[in-house]
Amino acid sequence: MDIRTNIPLKNFTTMRLGGPARFFADAHSPAEAQALYRNAKQQQLPVFILGGGSNLLARDEGFDGLVIRMRILGFEVIADDLNTTTIKVGAGEIWDSVVERTVSMNLSGIEAMSAIPGTAGAAPVQNVGAYGQEIAETLISLEAYDTQNDAFAVLQNEDCNFSYRHSIFRGDQQGRYIITSITLQLSKSLPAPPFYDTLQSYLDANNISFYTQQTIRDAVKTIRAEKLPDPTVIANSGSFFKNSIIDAWRANELRQNFPDIKMFEMADGRMKVPSGWLIEKAGLKGSVSHGIRVYEKNALVLVNEAATGYQDLAAAREEIISKVRDTFQVIIEQEPLEITA
Ligand code: EPU
């Protein structure tokens, strides 16, 4: 195992900010991940697990420990019946290659999550979702190295406690599990409406009425390319804020003051307010502060144009949060995780 030292984390996060990791190593197998972890703990070093770095921010002080980059590969059909195919995927596989492969196998369930950057193992952490699908709907189980018990574990879907952009892996069990593979059960049926609003509008506008996994994937790729900057070209972390979930009474109050506000009802009766709308209506779309731009095509995305470090991003973030709070009395929350001990 090749352990490197003093590696700039800005090269491993798509926002391209942040100081160095003291130690940095790739894990190509579950056993390697375990060995690296044990080794670090023997030396009392904190450990951070890195996937594609596309939903992650590194701070200027870097990370005074070992960063393990997940490189475990593998794509395996483990069950197949009349209606479904179950696949097991290594945590280090590129998520979109997995989607591409399942679509070419005519499987449904993750086609609307096309073109999301990052790795397969990172997808359950924030319960990745897009255009009406989220990974919680197809994930059967996952395998992980349980650092607390120094043992490999299988977690079932319900063990992960998935909710909107959340799971135990970024909640009360953060740092405990190193996800090594995910198992998804996909359907052999064609994708069927109702589709997510913006997806349906695109399909209608383009006269697409025969829905296959491939037509949905192509549609989503086109919509995303228009609204989300390609992180290999423009430094960004996708949606920088979560959509805001507020109580129904607060939602009514907001609607009285802002009749054109868009909201979606959640299963529990609370309302989801698009934070992109709030930021736009607060007048911030396209604005630049501390070298950070509120993306002109989608106010939920922050782009690093010329920030000199994480401090600049933090300053811009505080300005945006304050402006939205002062305008709407809603506190918007950051979506990407941060590399911390
Ligand atoms: N909106 C605005 N102004 C903006 C941006 C959005 O008014 O600048 C409004 C839109 O008109 C729309 C509403 O906000 O009515 C919601 O927008 P949309 O459905 O396009 O998506 P989103 O809420 O901006 C979420 C996810 C994305 C995902 C899309 C599509 C979060 C935090 N973001 O964005 O996920 O691709 O839905 O399903 O849940 C990501 O997490 O990194 C990400 C890109």
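Since the structure is predicted, the reported quantities are computational estimates derived from the model, not experimental observations. Counting starts at 1 for both ligands and their atoms, in listed order.
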Quiz item: Do Pro193 and Tyr211 come close enough that some side-chain heavy atom pair is under 4.5 Å?
Solution: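 Pro193 reaches Tyr211 side chain to side chain.
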Quiz item: Just wondering, do Leu254 and Met263 contact through their side chains at under 4.5 Å, heavy atoms?
Solution: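 Answer yes - side chains close enough.
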Practice problem: Using ring pair (Phe, Tyr, Trp, His ring centres under 6.0 Å) as the criterion, point out the one residue from Phe12, Phe48, Phe63 that pairs with Phe24. | Solution: Phe12
Self-check item: Residues in the immediate environment of ligand 1 (any heavy atom closer than 4.0 angstrom)
Solution: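 Only Gly129, Ala130, Tyr131, Tyr164, Arg165, Tyr196, Arg224, Lys227, Leu228, Gly238, Ser239, Phe241, Lys242, Asn243, Lys262, Pro274, Gly276, Trp277, Glu280, Lys285, Asn298, Ala299, Leu300, Glu335 have heavy atoms that fall under 4.0 Å of ligand 1, ordered by chain and number.
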Only distances under 3.5 Å count here; give the side-chain donor-acceptor pairs of residues 177-184 to other protein atoms, sequence neighbours excluded, each with its distance to 0.1 Å.
from: Thr180; atom 1: OG1; to: Glu143; atom 2: O; distance (Å): 3.2
from: Ser181; atom 1: OG; to: Glu143; atom 2: OE1; distance (Å): 3.1

Quiz item: Under the side-chain hydrogen bond (donor to acceptor under 3.5 Å, both in side chains) test, which residues partner Thr85, sequence neighbours left out?
Solution: Asp80
Under 3.5 Å, which donor-acceptor pairs link side chains of residues 220-227 to any protein atom two or more places apart or in another chain?
from: Thr222; atom 1: OG1; to: Asp218; atom 2: O; distance (Å): 2.8
from: Arg224; atom 1: NE; to: Ala115; atom 2: O; distance (Å): 3.4

